[in-house]
There are 2 protein chains.
Amino acid sequence: MPGKQPATTPKRLSASLEDYLETIFHIIAEKQVARAKEIASTLKVSRSSVTEAFRSLSQKGLINYAPYEVITLTPAGQEMAKDVILRHRALKDFFIKVLAVGEKIAEEGACKIEHAAPKEIIERLTQFVSFIEQCPRGGSDLISGFTKYCQTGKTDKKCKECIAHCLEK
Amino acid sequence: MPGKQPATTPKRLSASLEDYLETIFHIIAEKQVARAKEIASTLKVSRSSVTEAFRSLSQKGLINYAPYEVITLTPAGQEMAKDVILRHRALKDFFIKVLAVGEKIAEEGACKIEHAAPKEIIERLTQFVSFIEQCPRGGSDLISGFTKYCQTGKTDKKCKECIAHCLEK
DNA sequence: GAATACTGTTAGCCATTCCTAAAAATATTT
DNA sequence: AAATATTTTTAGGAATGGCTAACAGTATTC
């Protein structure tokens, strides 16, 4: 082995650069090539801001970039982009599946929080979602109970019935 | 009535200004007076940055400020500070009580996420914590089950025993 | 009350991230 | 292939939020 690659993502980027990376990844996945114009419209920034972001990401070794050429993600860039997307998904999943928040707010919240949430919390959140889905005490009963609680402010009174449901599993 | 006050907090401040406001509120609560020196050391910024933040917060009508004088929060500033602190607490509570995350990470995560989380999500999170504490399916059984799940990757096998616990309540 | 120490402010600087307008490169059309 | 259209880059500027070093006020001590 000539030399080991950076084992893990070293530090975290600014929220802004994470957004660019995430967007680039998604556009490449969908259309093979990520063009400045589309990145700009997705992120609602000007095309010149995209150029500057390219320079910054390239200087950090996350994308391969030369003026007027097609950009690609470096291995480090791929890893980083996937990490951001993983955080995004973990958050959105939790918001929808556990908190029963609407799709729009869930997406919006994930977009913002993904840049701030420590990895330990993302991990726990992911575990919590799968726990709730698997645990007999959890599952859809718990979630529908929570939804009801949100609407009425009270926990469901038919507890025995509900626990009977639990026992069936 | 001469004119109505702004009913609710209008928009959200930058993360930085929210941090200043939060810190000012806490220091005033604790020591009556918030001095630039202490704010600086709490937030790990220079004293001159604090002066600049004072100007900005004052210009936004959130603190009363005149050079060399004691600063105070305006009613709008109080409201805003309380709102930030509420978000902080809601997040930290959730991290500790539900995700069973350590105090340090919970605090750190709350500090960062509080500036990004939409209010709808904070509300749901708060409701979820109290729901889990009240619902017979939830409570300490669920949390300890989750903790076990985090450690072992499996849900607790003693389901009947656990549901029996539920029934006792 | 004068000297000293401490705190707060100003001045000037830097990085980030956005912008618009103009110029350069690339792609498309005829 | 020349003209036109589109895309990308450059140039120059603004706002935010941080910094250090020097200066100005306030407080304390002798």
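Order of the sequence lines sets the chain letters (A, B, ...), proteins ahead of strands, with each chain counted from 1.
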Quiz item: Taking A/Thr42 for the side chain and A/Glu38 for the main chain, is one N or O donor matched with an acceptor at less than 3.5 Å?
Solution: yes
Quiz item: Over how many whole Å does the gap from B/Leu57 atom CG to D/dG17 atom P extend?
Solution: 10 Å
Quiz item: Side chains of B/Pro67 and B/Thr51: closer than 4.5 Å at any heavy-atom pair?
Solution: no
Practice problem: Figure out the CD1/C1' separation between B/Ile71 and D/dT26, and round it to whole Å. | Solution: 17 Å
Exercise. Using atom CD of B/Glu69 as one end and atom C1' of D/dG25 as the other, report the distance to the nearest whole Å.
Key: 12 Å
Quiz prompt | Quiz item: B/Ser46 side-chain donor-acceptor pair to D/dT20 base, under 3.5 Å | solution = no
Quiz item: Less than 3.5 Å between a donor and an acceptor, one on the side chain of B/Ser48 and one on the base of D/dT20, is that the case here?
Solution: yes
Quiz item: Of A/Glu52 and A/Tyr68, whose nearest nucleotide on DNA chain C comes first from the 5' end?
Solution: A/Glu52
Exercise. Find the distance B/Arg55:CZ to D/dA15:P and express it as a whole number of Å.
Key: 15 Å
Quiz item: Which part of the nucleic acid does A/Thr51 contact within heavy-atom distance under 4.0 Å: base, sugar-phosphate only, or nothing?
Solution: base
Quiz item: Name the one of A/His115, A/Glu18, A/Glu114, A/Glu22 that satisfies side chain to side chain donor-acceptor pair (under 3.5 Å) with A/Arg87?
Solution: A/Glu18
Exercise. Let me know the distance between CZ of B/Arg47 and C1' of C/dT10, rounded to the nearest Å.
Key: 13 Å
Exercise. Among the candidates C/dG8, D/dG17, D/dT8, find the nucleotide nearest to the side-chain atoms of B/Leu17.
Key: D/dG17
Self-check item: Euclidean distance, atom CZ of residue B/Phe54 to atom P of C/dT10 [Å, nearest integer]
Solution: 12 Å
Exercise. Return the value, rounded to whole Å, for the distance between atom CG of A/Asp19 and atom P of C/dT17.
Key: 11 Å
Self-check item: Contact under 4.0 Å: B/Tyr20 side-chain N or O vs D/dG18 OP1/OP2
Solution: yes
Quiz prompt | Exercise: do B/Ser46 and B/Ser48 side chains pair donor with acceptor under 3.5 Å | solution = yes
Quiz item: Nearest-Å distance, NZ (A/Lys44) to C1' (C/dT20)?
Solution: 20 Å
Practice problem: Could you say whether B/Tyr65 or A/Ser56 is positioned toward the 5' end of DNA chain C, judged by the nucleotide with the nearest heavy atom to each? | Solution: B/Tyr65
Quiz item: When you measure from the side chain of A/Lys37, which nucleotide among D/dT7, C/dT9, C/dT7 comes out closest?
Solution: D/dT7
Self-check item: Expected output: side-chain B/Arg124 to main-chain A/Ala100 donor-acceptor under 3.5 Å
Solution: yes
Quiz item: Between D/dT8, D/dG17, D/dG18, which nucleotide has the shortest distance from any of its atoms to the side chain of B/Ser14?
Solution: D/dG17
